[in-house]
Number of protein chains: 2
Amino acid sequence: MAATPKLTKETCNGALAAIRDTLYVLSGKWKILLIVSLREGPMRFNELQRGLVDITPKVLSKELREMEMNEFVVRKVFNTVPVTVTYELTPYAATVFPIIDSLREWGVQHRERIIEHIKQDNKEAVEQ
Amino acid sequence: MAATPKLTKETCNGALAAIRDTLYVLSGKWKILLIVSLREGPMRFNELQRGLVDITPKVLSKELREMEMNEFVVRKVFNTVPVTVTYELTPYAATVFPIIDSLREWGVQHRERIIEHIKQDNKEAVEQ
DNA sequence: CTGCATCCTATAGGATACTG
DNA sequence: CAGTATCCTATAGGATGCAG
């Protein structure tokens, strides 16, 4: 076994499997966005729904349940009247922050790049 | 504007938008996995298909076309008989490597964590 | 070998209405 | 307020066969 791992078929397959796992856990249209929202602090059901404009209660509750199972969020019930429920991130959820940050960072750069392209296209169109 | 940006509603929405952009570009079951495969070097259509066991030619060609449009891959045709086609990553594709690496890294850790949990469960079961 | 055309279906996820 | 229950549909993506 070499000290610097070569990119063999083995390691590539291992990488593929690991990435598949991650994508599976973060699957769905909303989980990552929910984590971003909850980074601001614990939130209630309706707050989350308002934050992610288009999500319906059914989908929201499904996503939250899955995230609970993956130990990404904890659901806390308070005996107020009416009952209050909050969702908050677990420490384990924090382990995906690097992923989320890299996604956000790339998205920002990408948008800038697109805008540059459009400017460039317009300039060329004028020059013709 | 503060030097250290507070996590206001503005910045949160901006983050959400950027992340949505990224997820959109990388959408689909296969794009990220294709990039991982192509990191080993240029590959031909059938090589890619064999590497990602379950992908069908229709889906593969669709994904590759989308990735071409996003400047992630270049398609090169060689006038052999029969014709040879290779796909290779562009420099721009390299800009998503940090994302992919964070996905892989997390997947590896996650798998280890799951295994630890299972061991722990077995131990507790025996102790009872 | 490198795909495209056609058909098909499973499922994610949306709309709407309703309950403790 | 915090969800469930029903219903519905768009679309991603799989199966198969064929073509240049």
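Order of the sequence lines fixes the chain letters, A, B, ..., with proteins taken first and strands second; residue numbering starts at 1 for each chain.
As judged by a 4.0 angstrom heavy-atom cut-off over every strand, Tyr87(A) is placed among residues touching the sugar-phosphate backbone only.
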Worksheet item: Could you go step by step and tell me if Glu116(B) and Gln120(B) meet the side chain to side chain donor-acceptor pair (under 3.5 Å) rule?
Response: CA-CA 6 Å; Glu116(B) 280 310 309; Gln120(B) 196 59 34; over 6 Å; no
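Contacts between residues 58-68 of chain A and DNA chain D, counted as heavy-atom distances below 4.0 Å, involve Lys58(A), Ser61(A), Arg65(A).
For Arg44(A), no side-chain nitrogen or oxygen approaches OP1 or OP2 of dC1(D) to under 4.0 Å. Remark: Arg75(B) is in phosphate contact with dG3(C), judged by side-chain N or O atoms under 4.0 Å from OP1 or OP2.
Within 6.0 Å of the OH atom in Tyr92(B), the count of heavy atoms belonging to other residues, nucleotides or ligands exceeds 12.
Checking Glu47(A) against Val83(B), the closest nucleotide of DNA chain D that is more toward the 5' end is the one next to Glu47(A).
Between dG14(D), dG14(C), dC1(D), one nucleotide has an atom nearer to the side chain of Thr56(A) than all others, and that is dG14(C). Across dG3(C), dG14(C), dA2(D), the shortest atom-to-atom separation from the side chain of Phe45(A) is found for dA2(D).
Proximity of a side-chain donor or acceptor of Ser37(B) to a complementary backbone N or O of Leu33(B) within less than 3.5 Å is detected.
Residues Val36(A) and Val108(A) fall into different hydrophobic clusters, defined by Ile, Leu, Val, Met, Phe, Trp and Tyr side chains chained together at heavy-atom separations under 4.5 Å.
Salt-bridge annotation for Glu124(A) and Lys119(A): absent, with no side-chain N of the basic residue lying under 4.0 Å from a carboxylate O of the acidic one. With respect to the salt-bridge test (charged N to carboxylate O, under 4.0 angstrom), the residues Asp54(B) and Lys29(B) do not qualify.
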